[in-house]
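Heads up, the thing below is written out as structure tokens.
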Amino acid sequence: MSSENAVSTARGKRRRSARAWGAALLTLVVTSGSFLVAATPAVAAVPAPTSTTSVITVKVGGDRVGQGVTDAGATIATPLAGVQLGLYSSLTAANPINTTWARCTSDADGDCSFIVPNTQVGGVNRDQRYYVREVSVPAGWYSNPRLRTGGATFPPSPATVYGFQTGVQLRANTTYRSSADFMFISQSTSTVTQVASGGVWTPSRNNPALPQECGLDVALILDLSSSMTLTPGEPFATASAITDAFAGTPTRMAVFTYGDLSPAQNGGNRPALLPVSTTAGATAFKNQWVGQWGVFGGTNWDAGLYQAAAASPHYDLAIHVTDGQPSLFGAPLPTPNTSSWNRIKETEYAILSANRLKSEGTRILGVGVGPSYIDNGYLNLRATSGPVGFNGSNAATADYIEATDFAPAIAAVRQIAQANCVGSISVVKQIVPSTNTGEDVTSSTLAPAGWQFDATTTAAGIGGLPATKTTINDGTGAVNFPLTFNGTTSGPVTVAETQQAGYEIVTQGGKNAVCVNTVTGAPVSVTNAGTVDDPGFTLTASAPAAISCTVYNREIPELPADLTVEKVWEVDGQTFDEGDQPAGLDAQLQLTGPDAAGATDQDWGATRTGYVRDDVATVTEEATVSGDYEHCTVEGEVTDINGAPQSTALDADGVDVTLTEEHNTVEITNTVTCEQTLSLVKEVGYGDEPTSSWTLSASGPGSALPGPSGTYTATTPVSAPVSGGATYGLEESGGPLTYVGAGWECALDEDGTAVTVTDGFMTMPRGQDVTCTIVNSTASLTILKHVIDPQPGFEADAWELTATPDTLSDGPLPTATLVGAETDVAGANTVEVRPGHGYTLSEESTSETLAYRQVALQRLEGSTWVDVDSADIVAPGPGDTAVYRFVNERIPSVALPLTGGASADAFLIGGSATIALAVFAGLWLMVRRRRVA
């Protein structure tokens, strides 16, 4: 930020701040010295007199408190510490009568007390009379050695020493107070005694310094006493002329009046600050009194100054215009009173109210005109403003102006008003009604805050540029560019404005600005500069000139606009218009505006009217998913504005759309994303076959994603993204035929909820992951051999045991051939068989000797062997085991007769029968084996 901008910003902050003691807002005031804070003497009680001493105590005051008066017992001022008073032998004596007891300094209670010795009977100081006068004041204050007294309006104007003689007695054991025993003279005692005082010693505050900027907050304090009509240039013309002196600068003004009281009986107080930066603004300010106010009554400076101090706005400068001297004080007025006589008392009260106004940072410029300002009439102006009178060339430091009539006084005020503006350029921005055409600027208003101007120069000797200034919220619509001139007295300066959207420059006579030298009133020529979008002007700045330029802008007439928003849905690769999308997908549109209206619901495809061109509407929606789409996501995107393709994400804050057309359209596309994964799992419930022996797969319709496929292990899952809502067939292939599956079971990964599987088909829910599992198991068959009374070579392992499967349409099952054993050692006689399938059991001896016969086929049930009727069996169910055994015994032998036994015929017959039986047995065994096979 440039230094000039910092000053402008600071001024804006000051003007927004509340008025307070020591406010940061500097005020237009001239000081005769530094504004310092003196060390504060401690509070000390007024000392008590003794049998040989007397006490003379003087109350010292600073700033006015309320509008009461000491005649009514009121506290009229804040105490002032650090004022040194002395006891003098006369009003003209050079020094106090004594260097020790004849001096005192006021304490924090404002008490300044002299302890006078030897006032007992016979004492040298008994009943002595002294004069109390001021020796010094603390930093930030100045003395008033003399004040003007006499007739309130007419000469003579004697200069009365500000000092007071003590009373006729001065005796031991007695305290004499300025508020009762001397100095103070009550109204009931006299209303004409020139040295009558309020009983409170009253120095004056230094006048605060002016802020070093062009453009002030000014309060006019107008004397509307009856005598004002007797002074050439009646008060209202004077007030108007003073107003015109500030016109064209970033100045604001208020007005106060007084007569007997404030506001004056025929006047008014208008504390609110009004801008006078334009002629129209100055006229509006002056119209508060023109033809409305009149004059009446006495001259109560105290009341007028106090009302300005008590007002809530802060003022940089208070211009006090009067034609007389203070002749009244307080509110209400004490009785009796006179409005024609000016005593010290009336001036003291005025000083206290002026001090309070100065304490707030307001500089007071006293303007006294008329007969009472001949000779010493300025003394009371001096006491209520500052010690420096205007001499014609000290506008920057003058505290007061005195003149015999108002014409020279007005000229002096104008010079003071222009002092900070000379060598600068003020730019006043005015806004022309949008209904005006051409260069008509009727009914223009001052611009609000936010209008930016940039000033530049090509002249090497002009300082303070480049600079940027922006109007603030002070009502003036103005900015000021202070310049410095080094080695030159003039040069070109170009001022360009930053044109705001919706506004256009309004020229005057084809020029971008109208400029005038407010010092002389003469017009200043300008040349157009800049562009249509950022117009500007160039002029010649001059060191002795205070230039004020007015720039007009007109708001471009508002054109109507409306907005229609359409909705499109993209679901599973298909496009739907709003209303045609699948159930469970909804979105509520919201729009802001027109004007400052917040977001409200709007139907899709319905037109909202009431907007104007270049309005900005915020488009938002609230999308919801339910039903089949509950677990899916929706992403909105602005895909078209007024026919132009877009790709702008629609987040929670919405999208701002500038309505550039009369009929504006927006298309929002919602893409529904349903991400789901199908996983296939193989488990072996019974058996040793690895899961990788099977291939798992899921197949969907042609428009769907293909689905997962592969062999499953714990480290290689079978998983793939699939299409939500699609029906997938679940399949497995491979693996031994001795295993059968238990059927597919599916569940949601999220919470294990079952998903229906019908005939191997499942429908994939949208937006959720599903795992489908199939468990395969085999069965066990154990075949044993039991030989009754086995002989060597004819134990169980002499037989082969076989389980032959029935034919299977899916493919051949293996035939199991085992070596006979009485027990199943290490599973050697157990094989995997297809659960529930038919098998035929058989046995065959590995010996060629026919010695044993099969007597039974048995199944183990629990711990009991039970005979079965057939060798055709059904394998046990998945995960089960069946145990069978063949039982064989020896074929019985034939006993031969002993010698001397049977006859030869008998042996022949028996042998033949045995042979026939053996042949028959062999044939039977062959037939049986074929049948079993």
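The shown structure was predicted, so the numbers you read here are calculated from the model rather than taken from an experiment. For reference, positions follow the sequence shown, starting with 1.
- At least one donor-acceptor pair under 3.5 Å links the side chain of S197 to the backbone N or O of G199.
- By the salt bridge (Lys or Arg N to Asp or Glu O under 4.0 Å) test, R171 pairs with D127, sequence neighbours left out.
- In terms of modelled atom types and a separation under 3.5 Å, the side chain of D323 and the main chain of G368 share no donor-acceptor contact.
- Listed by first and then second residue, the disulfide bond (SG atoms under 2.5 Å apart) pairs involving residues 345-421 are C214-C421 (not counting sequence neighbours).
- No hydrogens or angles considered: a donor-acceptor pair under 3.5 Å links the side chains of N269 and S262.
- Relative ring orientation between F164 and W201 is described as perpendicular, the plane-to-plane angle rising above 60° on a 0-90° scale split at 30° and 60°.
- At distances below 3.5 Å, not a single donor-acceptor pair connects side-chain atoms of N355 with backbone N or O atoms of T384.
- Shown are Y315, Y258, F256; of these, the ring pair (Phe, Tyr, Trp, His ring centres under 6.0 Å) with H320 is made only by Y258.
- Put simply, the side chain of T149 never gets that close to the backbone of R343: no donor and acceptor are under 3.5 Å apart.
- Side-chain contact annotation: E346 with Q325, donor-acceptor N/O pair under 3.5 Å absent.
- Every residue two or more places apart in sequence or in another chain that forms a side chain to side chain contact (heavy atoms under 4.5 Å, CB included) with Q120 is listed here: T52, N118, A172.
- Every residue two or more places apart in sequence or in another chain that forms a side chain to side chain contact (heavy atoms under 4.5 Å, CB included) with C104 is listed here: L85, C112, F114.
- Aromatic ring pairs are classed by plane angle as parallel below 30°, tilted from 30° to 60° and perpendicular above 60°; the pair W289 and F285 is perpendicular.
- Taking CG from D71 and CG from L333, the interatomic distance works out to 11.5 Å, rounded to the nearest 0.5 Å.
- Using modelled atom types, one side-chain atom of S106 and one backbone atom of V83 make a donor-acceptor pair closer than 3.5 Å.
- Although no hydrogens or angles enter the test, the distance criterion places a donor-acceptor pair under 3.5 Å between the side chain of D399 and the main chain of V388.
- N144 and S204 form a side-chain donor-acceptor contact under 3.5 Å, judged by distance and modelled atom types alone.
- Considering OG of S136 and CH2 of W141, their distance stands at 14.0 Å, rounded to 0.5 Å.
- Looking at residues two or more places apart in sequence or on another chain, you find no side chain to side chain contact (heavy atoms under 4.5 Å, CB included) involving D375.
- By the salt bridge (Lys or Arg N to Asp or Glu O under 4.0 Å) test, D302 is found to be paired with R64, residues two or more places apart in sequence or in another chain being considered.
- Here the CZ-CG distance, from R146 to L91, works out to 12.5 Å after rounding to the nearest 0.5 Å.
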Requested in this report: May I have the step-by-step check of side chain to side chain contact (heavy atoms under 4.5 Å, CB included) for T57 and Y176, ending in yes or no?
Outcome: CA-CA 6 Å; T57 185; Y176 300 91; over 6 Å; no
Query raised in the report: Under the salt bridge (Lys or Arg N to Asp or Glu O under 4.0 Å) criterion, do D244 and K286 qualify, and how do the steps go?
Result: CA-CA 9 Å; D244 292 339; K286 292 183 289 186; 2.8 Å; yes
Requested in this report: Could you check K358 against D63 for salt bridge (Lys or Arg N to Asp or Glu O under 4.0 Å), going step by step and ending with a plain yes or no?
Outcome: CA-CA 9 Å; K358 293 177 189 177; D63 303 326; over 6 Å; no
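- Under the side chain to side chain contact (heavy atoms under 4.5 Å, CB included) criterion, A419 pairs with A395, sequence neighbours left out.
- For the residue pair R148 / S157, a side-chain donor-acceptor distance below 3.5 Å is found, with atom types taken as modelled.
- Residues passing the ring-ring contact (aromatic ring centres under 6.0 Å, His included) test with F390: none are found, sequence neighbours excluded.
- Side-chain atoms of T175 never come within 3.5 Å of backbone atoms of V55 as a donor-acceptor pair (strictly under, hydrogens ignored).
- Inspection of the T189 and S186 side chains reveals an N or O donor paired with an N or O acceptor under 3.5 Å.
- For residues 125-171, no pair satisfies disulfide bond (SG atoms under 2.5 Å apart), with sequence neighbours left out.
- Although no hydrogens or angles enter the test, the distance criterion places a donor-acceptor pair under 3.5 Å between the side chain of R133 and the main chain of A93.
- Applying the ring pair (Phe, Tyr, Trp, His ring centres under 6.0 Å) rule to pairs touching residues 362-387 yields Y378-Y400, sequence neighbours excluded.
- K345 and E348 are not joined by a salt bridge, as no carboxylate oxygen comes within less than 4.0 angstrom of a charged side-chain nitrogen.
- Looking at D107 and T105, their side chains never bring a donor and an acceptor atom within 3.5 Å of each other.
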Report task. Show your reasoning for whether side chain to side chain contact (heavy atoms under 4.5 Å, CB included) applies to T251 and D217. Result -> CA-CA 6 Å; T251 294; D217 286 343; over 6 Å; no
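- Under a 3.5 Å cut-off, the side chain of N391 and the backbone N or O of N394 do form a donor-acceptor pair.
- Using modelled atom types, one finds no donor on one side chain facing an acceptor on the other under 3.5 Å when comparing S113 with D111.
- Rounding to the nearest 0.5 Å gives a distance of 11.0 Å between OG1 of T257 and CD of Q288.
- Taking the six-membered ring where the residue is Trp, the centroids of Y88 and Y131 are separated by 6.0 Å or more.
- By the salt bridge (Lys or Arg N to Asp or Glu O under 4.0 Å) test, D181 pairs with no residue at all, sequence neighbours left out.
- Qualifying salt bridge (Lys or Arg N to Asp or Glu O under 4.0 Å) partners for R382, counting only residues two or more places apart in sequence or in other chains: none.
- Using modelled atom types, one side-chain atom of T166 and one backbone atom of Y130 make a donor-acceptor pair closer than 3.5 Å.
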